[in-house]
Amino acid sequence: STAPATPPAKPAASDTLLLGVATSLTGGQATFGVSTRNGIQLAIKEANEAGGVKGKKLEARVYDDQGRPEEAAQAVTRLIDQDKVVLILGDVASSNSLAMAQKAQPAGVPMITPSSTNPAVTEIGDYIFRVCFIDPFQGFVMAKFARENLKFSKVAVLQDNKSAYSIGLTDVFTRKFTEMGGKITGVESYSQGDTDYRAQLTAIKKTQPEAIYVPGYYSEVGVIARQARELGLKVPMLGGDGWDSEKLYELGGTAIQGSYFSNHYSPDNPDPRIQKFVADYKAAYGSVPDALAALAYDAANVAIDALKKAPDTSGKSIRDVIAQTKNFPGIAGAITLDEKRNAVKPAVVLKVGDGKAEYVTTVSP
Ligand code: PHE
């Protein structure tokens, strides 16, 4: 026999179901992507050990989007056209997930973002889901905490104007904090990747706030905290889930201690199911799982459950099953998807200490 003139394209082996992942393994959001990949791979390993799905083994095809929306969109196109994945998981930063959803939706391939909280992501269409809460809730949580628990009445805001997430949270926080009787003393902006925030911090200092809300990502927030202290701005900073990275403590040092942020889960939760996940993750990767890892593990498990329950592996069948998700036992809270394909669940507030964040309180929707 002779070899075929044109070698066939390389689809997944027939005994494998491929899940596509696009996330930020390098760049300013690198820890987000690494935790996300780890959480997904832990869930896949467990599912394969338990016999796989529909007689097949699961495998993740992971592409690094470098934290850039254009790369994220390209990765999804490749996952769909070339790798023929049955479903897509990712990304973390909302701006990347927005670009991904714009490719997944018209192709009819279901996508679950573990951790993107900007409302517009799932509004792109009925194939796009998330297993986390959205920013109108997260912004409310910190406004309420600042006003009622910390009793602040004057807060300034420093937003990242390159991030859909940061712009959205700024909007909600300023609206809610004002509604609760607080005053926003000023709103300043930076662009992701900037390294000098002194001009904005100097302007903020003049408004004499009791705190600064900085809804950005850890790479910038850590540096902002240091420069604020250098300028004699000693008030605490407040933030959202984008602070969640072990790099925050390294970059921010003592300058970030005593500041607060909202998040999806605390690894200190004594629930035995959570502690088992923390122990398994530590054994596999040598670090404490952050919220990204927990949400990625949850998103992968929702996907795997849907693949098991769906009558076949068409995008439509998988989509229809995911849409029915109710009371799914996630690590970062139980997952019930509403008619807008968003999860409705509590948030935690954490306080930055020495090298880690301490649990303060839980706020329910
Ligand atoms: N919620 C952030 C976004 O939408 C991403 C994020 C989630 C970052 C959880 C850290 C932890 O951009």
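Order of listing sets the numbers, starting from 1, for every ligand and every atom in it.
- Here atom 1 (N) of ligand 1 lies nearest to T117 when heavy atoms of L292, T36, T117 are compared.
- The shortest contact between atom 5 (C) of ligand 1 and any protein heavy atom is with V92 CG1, 3.4 Å.
- From the protein, the heavy atom lying nearest to atom 12 (O) of ligand 1 is Y217 OH, 2.5 Å.
- Near A93, with a cut-off below 4.0 Å to any heavy atom, the atoms of ligand 1 are 12 (O).
- Atoms of ligand 1 lying under 4.0 Å from at least one heavy atom of G242, given by number and element, are 8 (C), 10 (C).
- Screening P114, P69, S115, S24 against D91 for a side chain to side chain contact (heavy atoms under 4.5 Å, CB included) leaves a single residue, S24.
- Using a 30° and 60° split on the angle between ring planes, Y218 and F32 fall in the perpendicular class, above 60°.
- Near S116, with a cut-off below 4.0 Å to any heavy atom, the atoms of ligand 1 are 4 (O).
- Scanning both residues, A60 and V21, for their nearest heavy atoms gives CB-CG2, 4.3 Å.
- Salt-bridge check for R61 with D83: passed, with a basic side-chain N closer than 4.0 Å to an acidic carboxylate O.
- Within the 4.0 Å heavy-atom criterion, the part of F32 lying near ligand 1 is the side chain and not the backbone.
- For the pair R273/I331, a side-chain contact is recorded, criterion being any heavy-atom separation below 4.5 Å from C-beta on.
- With N342 as reference, T122 is the one residue of V131, L337, T122 to meet the side chain to side chain contact (heavy atoms under 4.5 Å, CB included) rule.
- Taking the charged nitrogens against the carboxylate oxygens, D160 and K162 have no contact shorter than 4.0 Å, which rules out a salt bridge.
- Regarding atom 11 (C) of ligand 1, its nearest protein heavy-atom neighbour is D241 O, 3.1 Å.
- Using a 4.0 Å cut-off between charged side-chain N and carboxylate O, E230 and R198 make a salt bridge.
- Note on ring orientation: taking the six-membered ring where Trp is involved, the planes of Y281 and F277 are tilted (angle from 30° to 60°).
- By the 3.5 Å distance cut-off applied to N or O atoms, Y165 is not counted among the residues near ligand 1.
- Contact annotation: H264 has at least one heavy atom less than 4.0 Å from an atom of ligand 1.
- Of the heavy atoms in D135, none comes closer than 4.0 Å to ligand 1.
- Of the polar atoms of S115, at least one N or O is found under 3.5 Å from an N or O of ligand 1, judged by distance alone.
- When heavy-atom distances to ligand 1 are checked against a 4.0 Å cut-off, S94 comes that close through both its backbone and its side chain.
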